[in-house]
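For reference, the structure is listed below as structure tokens.
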Amino acid sequence: MGIDLIYIATGLILLFAGGEGLVRGSVAIAERAGLSKMVIGLTIVGFGTSAPELLVSLKAAFSGAPEIALGNVVGSNIANILLIIGAGALIMPIAGWDRSAVREAMVAALVAFALFGLLKGAFLNRLEGALLLAVLAVYLGATFWMEKRSRDSQMFEHEAENFEGSGVSRTSVATVFVLGGIIALVAGANLLVSGAGSIAKTFGVSDAVIGLSLVAIGTSLPELATSISAALKKQSDVVIGNVIGSNIFNVLAILGITSAIVPIEVSERFQGFDMVFMLLLSCGLAVILFAAKRIGRVAGFLFIAGYAVYIGYLFQSGAIS
């Protein structure tokens with residue numbers, strides 16, 4: 001088991017470093033190419049911070065571990081809402097989000113409803129994957145058009161600003177960051193999936209539980225780092241936008257790309273509580289952003305406590321008989 005823990009720890013480090021390198025290098029190249037901060041925040045940051053989920057889901061699907069692939073996405077979306085928003089609110093109460101955050105949260109809830117319906121089948125097939133990618137393209141186009149019309153919304157610009165600087169100024173250096181990030185992501189995904197699968201067998205729990213917990217938390221590290229940084233800077237819109245955007249990308253882009261390449265078998269586990277829980281959290285976040293004015297430290301603590309209870313439930317219910 002010791003070597004498996006080393007694999008997992010090394011994989012998590014590589015995924016985090018690779019995601020950071022990929023995003024920072026890509027942002028620097030995009031800026032030199034003259035792209036606006038809004039476009040960078042909406043597309044490059046969105047795709048980049050979800051790169052760990054993509055590589056892990058692809059590796060798991062190709063390795064015959066579909067429960068890890070699905071658990072990675074569903075579990076990451078749950079962790080994003082409870083763990084990451086909770087951590088951000090504990091550091092600094094979240095307040096002052098603009099109307100676009102409410103709109104994006106409603107989109108995330110609709111996307112969760114769509115996934116709930118798709119997972120009622122035995123497989124997430126290539127046609128459904130292509131459909132998810134088509135919806136993603138429509139979403140990006142519509143969001144870009146609406147953001148261009150709204151002068152007050154700066155959520156995506158602030159997300160881009162979080163990845164500026166850090167010495168990545170020259171194109172050659174930025175290219176090294178991008179290539180190094182991709183290599184680190186591939187290596188990290190291989191190590192994490194290999195180690196996680198072995199740990200699941202060692203402790204007698206299902207791949208789904210490992211995907212929903214350990215793997216999901218690991219691939220959410222880029223979002224966690226971004227949200228902590230934004231909370232320290234009192235950028236509430238980035239904390240909220242980072243979570244909502246990641247949840248949308250995880251379903252539409254990560255599952256879309258993965259299932260378009262290799263169909264994903266859907267186990268009964270993802271037709272029950274975990275998917276319903278993700279759906280309820282997505283709808284609940286939309287309601288909170290619409291009806292409330294702030295998410296304070298008490299709420300942040302309750303979010304994290306709720307996540308701890310959920311993880312406990314996973315391991316209690318996920319033992320292999």
Side-chain angles (χ1 to χ4, degrees), residues 53-54 56-83 108-132 135 189 192-220 247-284 306-321:
E53 284 92 340
L54 174 60
V56 168
S57 290
L58 282 172
K59 173 61 180 177
F62 277 116
S63 300
E67 288 191 330
I68 290 181
L70 275 177
N72 176 37
V73 168
V74 174
S76 289
N77 282 17
I78 292 171
N80 283 346
I81 295 174
L82 292 180
L83 180 61
L110 290 174
V111 167
F113 268 111
L115 181 60
F116 179 75
L118 290 175
L119 295 188
K120 290 299 182 182
F123 283 88
L124 194 59
N125 59 42
R126 289 188 175 91
L127 179 60
E128 290 166 334
L131 178 62
L132 289 174
V135 173
L192 180 59
V193 172
S194 176
S198 295
I199 289 291
K201 293 181 176 65
T202 299
F203 284 95
V205 296
S206 66
D207 283 346
V209 169
I210 293 297
L212 286 161
S213 56
L214 177 62
V215 175
I217 293 172
T219 56
S220 293
N247 282 11
I248 293 172
F249 270 83
N250 282 347
V251 175
L252 298 181
I254 308 312
L255 283 183
I257 293 171
T258 303
S259 59
I261 295 173
V262 51
I264 303 173
E265 183 180 357
V266 180
S267 68
E268 291 184 6
R269 174 94 205 191
F270 296 101
Q271 296 173 343
F273 175 79
D274 300 296
M275 188 58 227
V276 172
F277 189 49
M278 186 197 114
L279 177 59
L280 291 175
L281 287 175
S282 300
C283 295
Y307 188 67
V309 171
Y310 172 68
I311 293 297
Y313 159 79
L314 281 181
F315 283 91
Q316 185 276 329
S317 66
I320 299 174
S321 56

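Everything quoted here is computed from the prediction, not taken from an experiment. Just so you know, residue 1 is the first one in the sequence shown, and it goes up from there.
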So which heavy atom on N80 is nearest to which on S220, and how close? OD1-OG, 3.6 Å
Closest approach of S213 to I311 (non-hydrogen atoms, all atoms of both residues):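 Closest pair (atom of S213, atom of I311, distance): CB-CD1, 3.8 Å.
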Taking side chain as C-beta onward, heavy atoms only, is [X] less than 4.5 Å from [Y]?
X: N250; Y: L255; answer: no
X: V209; Y: R269; answer: yes
X: F277; Y: L212; answer: no

Could you go through residues 108-122 and list every donor-acceptor pair under 3.5 Å that involves a side-chain atom there, pairing it with any protein atom two or more places apart or in another chain?
none

To the nearest 0.5 Å, what is the distance between [atom1] ([X]) and [atom2] ([Y])?
X: L58; Y: I261; atom1: CG; atom2: CD1; answer: 5.0 Å
X: F270; Y: I264; atom1: CZ; atom2: CD1; answer: 10.0 Å
X: F249; Y: N77; atom1: CZ; atom2: CG; answer: 12.5 Å
X: L214; Y: I199; atom1: CG; atom2: CD1; answer: 8.0 Å
X: I254; Y: L54; atom1: CD1; atom2: CG; answer: 4.5 Å
X: M275; Y: I78; atom1: CE; atom2: CD1; answer: 8.5 Å

For Y310, enumerate each residue passing the side chain to side chain donor-acceptor pair (under 3.5 Å) test, keeping only those at least two apart in sequence or located in another chain.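 Listed in chain order: D274.
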Hey, can you pull the donor-acceptor pairs under 3.5 Å for the side chains in residues 64-73, sequence neighbours left out?
| residue | atom | partner | partner atom | Å |
| --- | --- | --- | --- | --- |
| E67 | OE1 | A208 | N | 3.2 |
| E67 | OE2 | S267 | OG | 3.0 |
| N72 | OD1 | T219 | OG1 | 2.8 |
| N72 | ND2 | E53 | O | 3.0 |
| N72 | ND2 | S57 | OG | 2.9 |

